[in-house]
Each structure stands twice: as structure tokens, then as C-alpha cells.
There are 2 protein chains.
Amino acid sequence: MAWDRDQIVRIALDQLDEVGLETLSLRKLAGRLEVHPSALYYHFSNKQDLLDEMARALVQTAVTQTPKPSEFTTDGLLTHLARTQRAAIRSRRDGGLLMIKARPTADDQLEYLDWLIERLVAEGFSVTEAATAFTAVSNYAIGATVAEQQRTTDAPADPQLLQQHPGLRSIAEVTADADATFERGLRWLLDGIRAKP
Amino acid sequence: MAWDRDQIVRIALDQLDEVGLETLSLRKLAGRLEVHPSALYYHFSNKQDLLDEMARALVQTAVTQTPKPSEFTTDGLLTHLARTQRAAIRSRRDGGLLMIKARPTADDQLEYLDWLIERLVAEGFSVTEAATAFTAVSNYAIGATVAEQQRTTDAPADPQLLQQHPGLRSIAEVTADADATFERGLRWLLDGIRAKP
DNA sequence: ACCTGAACACCGTTCAAGT
DNA sequence: ACCTGAACACCGTTCAAGT
């Protein structure tokens, strides 16, 4: 059996789902491939290179799988962007940490990015506004989804703390519905963007 | 010389600034303290415990140092929240990664949180709205600042890619002014929150 | 209370060599 | 082209023991 990059990335993503990013190691991955650890350095220049490829795979499948906006309005486009980022992160355990630690530059993501900014400009944005809006929405989506994902990974909040801090309790109650919280914040941001100035 | 937790945390934060989170190790920290690695386990139950304490220190000094809002309006309160999160992250190398990997529960941060939600309710928010707004602003601030910080850590984008992708180029140009990008996205979000519904 | 010393079970990475 | 095998310089953590 001779492995190639894509196969190794797929199996590395399986390992990620099972053990998490912290415990993901080249040595264990090599063990699963029934190959010596050093063999991985034929396919990847180092661990970071593998992580970059894994993140690229997440984004790529999220871009293709998230339903395209039915209308190319500002709202439709930016909502699609946000949901795509969220889907990419949620598709794997520790997907958020992976996306943060990996360098960007997924090739088809760049096409998507160019296309989206171009369409925003067609909707009446200046290039600067379009790029700023893209950045804001993307950062919101990633921030919200990473927090949401960490919440499932971390231990639940101490009940006694919840008792003592009504603010914390109300946040815990609200964020229990991750979808609604994400969408509401997104809508607020989009409302502001639509109003500009 | 006998160390205590606070001293060790301070020196660990210095080490973080010098070597980054990836290369921060208990062994090197022990070396700097002129102590055997195992000695750290007298003060901290494990590495995560130390990281939690480091994150707590970041947030604590950011909360005390960020100028309090002059007016307790919705805008003033939430802007203060966002800038505090950003200041905490930016205060140290890889501060964003640290805050994401650390469990929350800084004690005075909880007081601040309760106070802020209470004040938002006094401004006419329902508890659910206040908690959702808090979450949205906090997630935006963290997402934006982590991205901003990674940008300084990672290698700059390949000039050839910038040439080929006008969308990417416009984003690079916009995010070069990190302050302006952060503040503009924040204002959009706050505009949407103020408009509710 | 605070630390030493030794040990255990791991890591990522390099490099020469094999087929 | 794809991998082995050995080695290097590291990790976090445990535990008995010292002072």
C-alpha cells in the first residue's frame, strides 16, 4: 500500500474526530497508516503542512456543501459566508482550533472570496466596504463558532457559579440554543451592514 | 527562593511573549525558575491549570486597564466589552490562542459580566436579548482580534496570490489598519443591536 | 511547605539507507 | 517514488524522597 497526500489527510481528519487536536500526533497517524513516522515527511514537509491541508479540506467541503444563496443580495451572500464558515468548523472535532492554527490559502476559497467581493460591489458597496464587511462577518462567524465548539469540549460550568452569577446563568441559557444565538447575532451584524453608513 | 503561583504566572507570561504558545513548555519555564520541572506540580495541578491562570491574568488586567465607559448607554457598555476583550488578547503574544484554550471563570470577570447584563436590562433589554447581545459582541471581538493577531504571526500573504486575487488584495489592504477594521465591524454590530428587534 | 531526582511514556524532525 | 531504521533533542506527568 502506497499512500498519497489526500488519503493521509482523510485519515488524519478521522483521527482528529476521535482524539482531538491536542492529542493528534504524527506518530499515532503513522501507526494507523502502518508506516514509520518519518515516512510522513515524504508527503508533508512538517506537521504544520499537514494541518494546513486538513483545514483546506474542511473549508473546501463546506463551500461545496453549504446551499448557495437563492438570491445574490447583500444579506444572502454574507449569510452564506457566515454559515459556510460555521459548517467548516463544526464538521470536525476542534475544527475551530484547526482553522485558526492553519494558514489560509485554500485555492477554491480564494475564488469564492473574489466572487463574493465582486458581487457585493455590484450591490452598491465600495471595494473597501465590501472587504470590511466580509472581514467582519467572517470574524464574527469564526469567533461565535469556536466559542460554541469549545463549550461542548470544555467541562460544563460549575452549577454553584451559575447560582451566584445571574449574568452567567442567562448566557448559559441563551447559548444552549447555539443555532439561534448564532443566527441572531449574525442578523444584527447584517442589519448594521445594510444600514452602513 | 521559594516561588508562589502569582510569580510563576508572571514569568510564564514573559516566556509566552518571548517564545509563543506553541513553544511554551513547563520544562523551559522550570529552567528559568531554576527549579526541576516536577516542582511546578506543587503549584499547578497540570499545564492546563497554568494556562487557565495565565488567561485569567490577561483578562483581569484588561478589565482594570480599559477605560470605563463615560456613559452607561448600550453603545458605551458593549463597546467597552469589545475593547476589553481585544486589549486582553493583544496584551501578549498568542493571547488569543491562550484565551481560547483556557477555561473561562475569571472571578472579577464574572462580576463585570453580571453588572453589564444588569445595566443592559436597565437600558430596556430583556434578559435574553442582553445575554445574546453580550455573546455576539464578545464573539465578534474575540474572532476579529484572534484573526488580527494570527496575521502578525503568520507569514505575509504570497504577493503573487495577491496579484491574482483582487478580493484577497482588498482584504489585505483593509485589514492593514487593524484598529479601523475592528471598530467599523463593531459599530455595524452595535447598530444592528440598537435597532433590534 | 516547597523542592529534588529518577523514571515513564511520549513528542516532531533529520538523515542515511533501502527497494 | 515511497518507505525503513536509527538517532536527536525534546515533551508532560508521576512518585518517592529529601529538607
Side-chain angles (χ1 to χ4, degrees), chain A residues 1-57 93-94 97-103 150 153-155, chain B residues 1-57 93-94 97-103 150 153-155:
Chain A
M1 183 81 184
W3 304 103
D4 65 19
R5 269 174 85 97
D6 284 350
Q7 288 172 315
I8 296 174
V9 167
R10 251 190 31 238
I11 295 178
L13 287 170
D14 289 346
Q15 200 190 179
L16 178 65
D17 269 341
E18 290 168 27
V19 304
L21 189 59
E22 196 86 354
T23 351
L24 181 76
S25 84
L26 294 182
R27 294 184 101 99
K28 276 188 286 228
L29 176 58
R32 185 173 298 212
L33 299 171
E34 294 182 302
V35 128
H36 282 223
S38 50
L40 291 169
Y41 287 81
Y42 176 78
H43 301 280
F44 303 91
S45 57
N46 49 38
K47 190 181 185 182
Q48 184 64 50
D49 188 19
L50 171 63
L51 294 177
D52 292 349
E53 215 56 34
M54 291 167 69
R56 201 183 135 284
R93 160 124 83 126
D94 290 337
L97 286 176
L98 176 61
M99 298 219 41
I100 287 172
K101 291 181 85 166
R103 318 284 194 269
Q150 289 296 103
T153 301
D154 292 357
Chain B
M1 183 83 186
W3 303 103
D4 65 17
R5 270 175 82 97
D6 283 350
Q7 289 173 314
I8 296 174
V9 167
R10 250 189 31 239
I11 295 178
L13 287 170
D14 290 346
Q15 201 191 176
L16 178 65
D17 268 341
E18 291 169 26
V19 304
L21 189 59
E22 197 86 355
T23 351
L24 180 76
S25 83
L26 295 181
R27 295 184 101 102
K28 275 188 288 229
L29 175 58
R32 185 174 297 211
L33 299 171
E34 293 182 303
V35 127
H36 282 224
S38 50
L40 291 169
Y41 287 82
Y42 176 78
H43 300 281
F44 303 91
S45 57
N46 49 39
K47 191 180 185 181
Q48 184 63 51
D49 188 20
L50 171 63
L51 293 177
D52 291 349
E53 215 55 36
M54 291 167 70
R56 200 183 136 282
R93 160 124 84 126
D94 290 338
L97 286 177
L98 176 61
M99 300 221 39
I100 286 173
K101 290 180 85 165
R103 318 284 194 269
Q150 290 295 104
T153 301
D154 292 356

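Every chain is numbered from 1 and lettered A, B, ... according to where its sequence line falls, protein lines coming before strand lines.
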Quickly work out the [X] [atom1] to [N] [atom2] distance and round it to whole Å.
X: His36(B); N: dA7(C); atom1: NE2; atom2: P; result: 14 Å
X: Arg27(B); N: dA7(C); atom1: CZ; atom2: C1'; result: 10 Å
X: Glu22(B); N: dC10(D); atom1: CD; atom2: P; result: 16 Å
X: Asp4(B); N: dC3(C); atom1: CG; atom2: C1'; result: 15 Å
X: Leu40(B); N: dC2(C); atom1: CG; atom2: P; result: 14 Å
X: Gln48(A); N: dC11(C); atom1: CD; atom2: C1'; result: 16 Å
X: Asn46(A); N: dT14(C); atom1: CG; atom2: P; result: 8 Å
X: Leu26(A); N: dT14(C); atom1: CG; atom2: C1'; result: 13 Å

Suppose we define a pair by two distances each less than 3.5 Å, Watson-Crick or G-U wobble; what does [N] pair with here?
N: dC3(C); value: none
N: dC8(C); value: dG12(D)
N: dA17(D); value: none

Min side-chain heavy-atom separation [X]-[Y] under 4.5 Å:
X: Phe44(B); Y: Leu26(B); value: no
X: Leu24(A); Y: Asp94(A); value: no
X: Glu53(A); Y: Ile8(A); value: no

Categorize Ala2(A) for me: base, sugar-phosphate, or nothing, with a 4.0 angstrom heavy-atom threshold over every strand shown.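 Here Ala2(A) touches the backbone only, sparing every base.
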
Which sits closer to the 5' end of DNA chain D, Ala39(A) or Tyr42(A), going by the nucleotide each is nearest to?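 Nearest-nucleotide comparison on DNA chain D picks Tyr42(A).
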
Atom P, compared across dA9(D) and dA9(C): separation rounded to whole Å: 23 Å

Which of these nucleotides, dG5(C), dG12(D), dT13(C), is closest to any side-chain atom of Ser38(B)?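 The listed nucleotide nearest to Ser38(B)'s side chain is dG5(C).
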
Given dG12(D), dC3(D), dG12(C), identify the nucleotide with an atom nearest to the side chain of Lys47(B). dG12(D)

Do NZ/NE/NH1/NH2 and the carboxylate oxygens of Glu18(A) and Lys28(A) come within less than 4.0 Å?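 Salt bridge flag = no for Lys28(A) with Glu18(A).
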
Can you find a side chain N or O atom of His43(A) that sits less than 4.0 Å from OP1 or OP2 on dC3(D)? yes

Do the side chain of Ser25(A) and the base of dG12(C) come within less than 3.5 angstrom through a donor-acceptor pair of N or O atoms?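 Donor-acceptor pair under 3.5 Å: no.
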
Side chain Arg5(B), main chain His43(B), donor-acceptor under 3.5 Å: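 Yes; judged by distance alone, with no hydrogens or angles, the pair exists.
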
